[in-house]
Structures are given as structure tokens and as C-alpha cells.
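As a basis for the values below, the full set of heavy atoms in this structure was taken, side chains included, without hydrogen atoms, waters or symmetry mates. As the structure lists them, so they are numbered: ligands from 1, and atoms in each ligand from 1. One-based numbering along the sequence shown.
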Amino acid sequence: MTRVNQLLEHEDYISYMDKIDKLEKERRFCKHGFEHGLNVARIAYAYLLEKRELLLRKESVYAAAFLHDIGRWVEYETGEDHAEVSARLALPLLEACQFSSEDIQIILTGIREHRRHNGDNLTLLGEALALADDWARDCRHCSVQALCYKYNQAMNQVMY
Ligand SMILES: [Fe+2]
Ligand SMILES: [Fe+2]
């Protein structure tokens, strides 16, 4: 089993995702379940391939994408920023799945940066996650566009 598949089977990952699913049951905006992680993983990796930035391991990109929002449930409960919490919760999971300390640092930085956008010195993985996070959403058909703080006309564009 690859380390990413191992991660998805880890009991803590499963329990965090379960808490998020429960807390987002009534949420009208985008949810942050498994499907969101998978979409972000695929889009971030495609973006890096297109840029010919192949320095990052595919496993690191996928691991970061699956873990970038795992702290959402803590944010719902305490108000703490989920980028920071997700990085904190990701560390023991990555260690348990035998990611190298070098890869872990890259992944945790990417997770911490995933809410920031271009122009403020993001790492390559942080930039890919931040873009993929927006591109993973179907804003065009969203029924709560008018209420969403993230929504703007540009989010209807599917190609850049
Ligand atoms: Fe997020
Ligand atoms: Fe996200």
C-alpha cells in the first residue's frame, strides 16, 4: 500500500473526516469531505505537471491535499484557524505513515499556506493547494453564491 493509501486508512484521519462530515451536515456552502481532498489532490498535481514543476513527489502533493482541511472540525468548535490546526494534526499521521522528515516539512508548510494566494511568497506546494482549493469548487452552479465570502465573478471561469 502506498503511504497515501495508508494515510486514508489511518484511524485518526477517518475520525477527523467523520467529525467534519457530522459538523457540516447542515452546511450550505462547500463541504470538506473526502471528495474535496481528492479533487484538490488531482487539480494541484495537474497544475504542477502543467508547470513542469516535478520536484515534488506525487505522494507529497496527494498527502497534503487530503490533509489540508482535517482541522476544520476544530475551527468549528474553537474558532482556531484550520490551516494551522490541520498542519498540527497532520504531523503524527505523516510520521505514522513513514513520510521522511524532509517531505513532512514540505507538506506541513503547504497545508499552512493553503488559504493564502499568489504574490506572497508561497512555496510551490502552498501555491498549488491554494489554487486547487478554489478550482475544486463548482461556483457556477452554487445556490448560495450571493452569500459566499469567497465567491466572485472570476470563479465562474473554468480556464485561465
Ligand atoms: Fe481550507
Ligand atoms: Fe479546502
Side-chain angles (χ1 to χ4, degrees), residues 4-5 7-8 10 12-51 53 56 58-94 99 103-145 147-152 154-158 160:
V4 172
N5 289 313
L7 198 59
L8 300 180
H10 194 288
D12 291 344
Y13 171 80
I14 293 170
S15 108
Y16 300 151
M17 296 308 285
D18 204 47
K19 285 177 200 273
I20 294 168
D21 280 348
K22 288 197 175 87
L23 289 163
E24 291 189 340
K25 228 171 196 77
E26 305 299 325
R27 185 178 163 87
R28 295 164 73 203
F29 300 104
C30 294
K31 299 192 181 193
H32 302 88
F34 174 79
E35 197 181 350
H36 174 62
L38 182 60
N39 287 334
V40 171
R42 289 171 168 165
I43 296 166
Y45 193 60
Y47 171 76
L48 293 167
L49 287 180
E50 193 176 63
K51 277 191 79 165
E53 297 281 7
L56 290 166
K58 185 175 183 181
E59 268 192 316
S60 300
V61 179
Y62 270 63
F66 281 116
L67 297 172
H68 81 280
D69 280 334
I70 53 167
R72 272 257 165 197
W73 62 276
V74 178
E75 181 172 307
Y76 295 138
E77 287 180 354
T78 70
E80 186 180 357
D81 181 273
H82 74 268
E84 214 35 64
V85 186
S86 299
R88 194 166 71 229
L89 297 179
L91 174 62
L93 292 178
L94 291 163
F99 281 81
D103 287 346
I104 290 177
Q105 281 324 305
I106 291 169
I107 293 167
L108 297 185
T109 303
I111 293 174
R112 281 196 195 95
E113 291 177 346
H114 88 266
R115 304 190 66 204
R116 293 168 45 199
H117 284 84
N118 283 334
D120 45 0
N121 293 325
L122 298 182
T123 60
L124 192 56
L125 183 55
E127 174 191 318
L129 291 174
L131 289 169
D133 208 14
D134 285 350
W135 292 341
R137 300 165 197 278
D138 178 8
C139 298
R140 178 176 284 271
H141 300 104
C142 177
S143 61
V144 286
Q145 268 177 9
L147 303 171
C148 179
Y149 82 96
K150 263 183 102 100
Y151 178 75
N152 63 58
M155 295 183 90
N156 286 336
Q157 308 294 320
V158 295
Y160 294 86

For Tyr76, the option from Glu24, Lys19, Lys22 that meets side chain to side chain donor-acceptor pair (under 3.5 Å): Glu24
Name whichever N, O or S atom of Asp133 ends up nearest to the Fe ion (ligand 2). OD1
May I have the step-by-step check of salt bridge (Lys or Arg N to Asp or Glu O under 4.0 Å) for Arg115 and Asp133, ending in yes or no? CA-CA 8 Å; Arg115 304 190 66 204; Asp133 208 14; over 6 Å; no
Any side-chain heavy-atom pair from Ile107 and Ile104 closer than 4.5 angstrom? no
The angle formed at the Fe ion (ligand 1) by NE2 of His114 and OD1 of Asp69 is about (to 10 degrees) 100°
Output yes if His36 passes the N/O/S-under-2.8 Å test against the Fe ion (ligand 2); output no otherwise. yes
For His114 and Asp69, which I'm curious about, is there any donor-acceptor pair between the side chains at under 3.5 Å? yes
Is the distance between the Fe ion (ligand 1) and the nearest N/O/S atom of His32 smaller than 2.8 Å? no
